[in-house]
Amino acid sequence: MGKLAVGALRAVLLLVLVGTVLVQALMVWTLVSGKDPEDGTLPLTALRVITVVGMVSVQVAVVCVGRLVTMVRRGTVFSHAAFRYVDGVIGAIVAAALVWFAVTAVNAPGQRDDPGVSVIMGGIGVAILGVALIVYVLRMLLAQAVARDAEAAQLQAELSEVI
């Protein structure tokens with residue numbers, strides 16, 4: 001992975017991390033200050049709490065991807081240590097899907113006249129879970145690569161002993 005790509009990815013990750021922290025701070029400030037302009041049309045307090053929780057899942061994913069990028073840059077990504085971060089990304093995506101389902105549930109009572117919106121939102125939640133499954137498949141590919149790398153190292157050591 002080139003230095004330019006790593007630098008650009010790190011800049012994007014930092015921007016997302018700072019943005020999510022700012023959104024969390026704004027939501028918490030609105031909840032704590034008592035200046036919540038909720039007018040009863042939507043349960044804004046519940047949506048704000050869900051937003052704060054959702055931002056945590058994004059932050060976990062950003063940190064894990066950042067660690068994986070560091071491992072790629074150092075050439076150590078094909079190791080057992082990488083599984084912890086890939087599992088963190090999978091967990092964060094599943095958490096994001098659960099948060100989305102919570103948003104769907106909070107929004108559903110307001111959609112009684114048009115339940116299709118809730119169905120579409122539920123479909124989006126299922127799609128988010130699909131992304132988690134894709135990352136899980138990629139984790140399995142990483143596991144195969146780590147096993148092949150270990151096998152190659154063992155064969156190389158045996159060959160070195162013979163020579």
Open item on the list: Quick one, Leu129 with Leu133, criterion side-chain contact (heavy atoms from CB on, under 4.5 Å). Give me CA distance, side-chain angles, the key distance, then yes/no.
Closed with: CA-CA 6 Å; Leu129 286 174; Leu133 287 173; 5.8 Å; no
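Of the residues listed (Val65, Val77, Leu68, Val63), the one engaging Tyr85 in a side chain to side chain contact (heavy atoms under 4.5 Å, CB included) is Leu68, and it is the only one.
Side chains of Leu138 and Val86 form no contact here, defined as non-hydrogen atoms less than 4.5 Å apart.
Nearest heavy atom pair, residue Ala82 against residue Leu142, reads CB-CD2, 3.9 Å. Nearest heavy-atom pair across Ala95 and Ser57 is CB-CB, 3.9 Å. Summarising the geometry of Gly2 relative to Arg73, their closest heavy-atom pair is C-NH1, 4.3 Å, with the distance given to 0.1 Å.
By the rule that hydrophobic residues join a cluster once side-chain heavy atoms approach within less than 4.5 Å of another member, Val60 and Ile90 end up as members of separate clusters. Follow the hydrophobic side-chain contacts under 4.5 Å out from Val6 and you reach Val62 in the same cluster. Cluster membership for Ile134 and Val94, using ILVMFWY side-chain heavy atoms within less than 4.5 angstrom, is not shared. Under the 4.5 Å side-chain heavy-atom criterion for Ile, Leu, Val, Met, Phe, Trp and Tyr, Leu47 and Val117 are members of the same hydrophobic cluster. Put simply, Val56 and Phe101 are part of two different groups of oily side chains (I, L, V, M, F, W, Y) that touch within less than 4.5 Å, one to the next.
Residue pairs meeting the side-chain hydrogen bond (donor to acceptor under 3.5 Å, both in side chains) criterion with at least one partner in residues 113-134, sequence neighbours excluded, do not occur; the list is empty. Sorted by first and then second residue, the pairs that involve residues 80-101 and meet salt bridge (charged side-chain N to carboxylate O under 4.0 Å, His left out), not counting sequence neighbours, are Asp87-Arg139.
Remark: Ile124 CD1 to Met121 CE distance equals 7.0 Å, nearest 0.5 Å.
Other residues, nucleotides and ligands contribute more than 12 heavy atoms inside 6.0 Å of the CG atom of Leu155.
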Cut-off 3.5 Å, no hydrogens considered: what does the side-chain donor-acceptor table look like for residues 8-22, sequence neighbours left out?
from  : atom 1 : to    : atom 2 : distance (Å)
Arg10 : NH2    : Thr70 : OG1    : 3.3
Thr20 : OG1    : Val16 : O      : 3.2
Thr20 : OG1    : Leu17 : O      : 2.8
Thr20 : OG1    : Gln59 : NE2    : 3.1

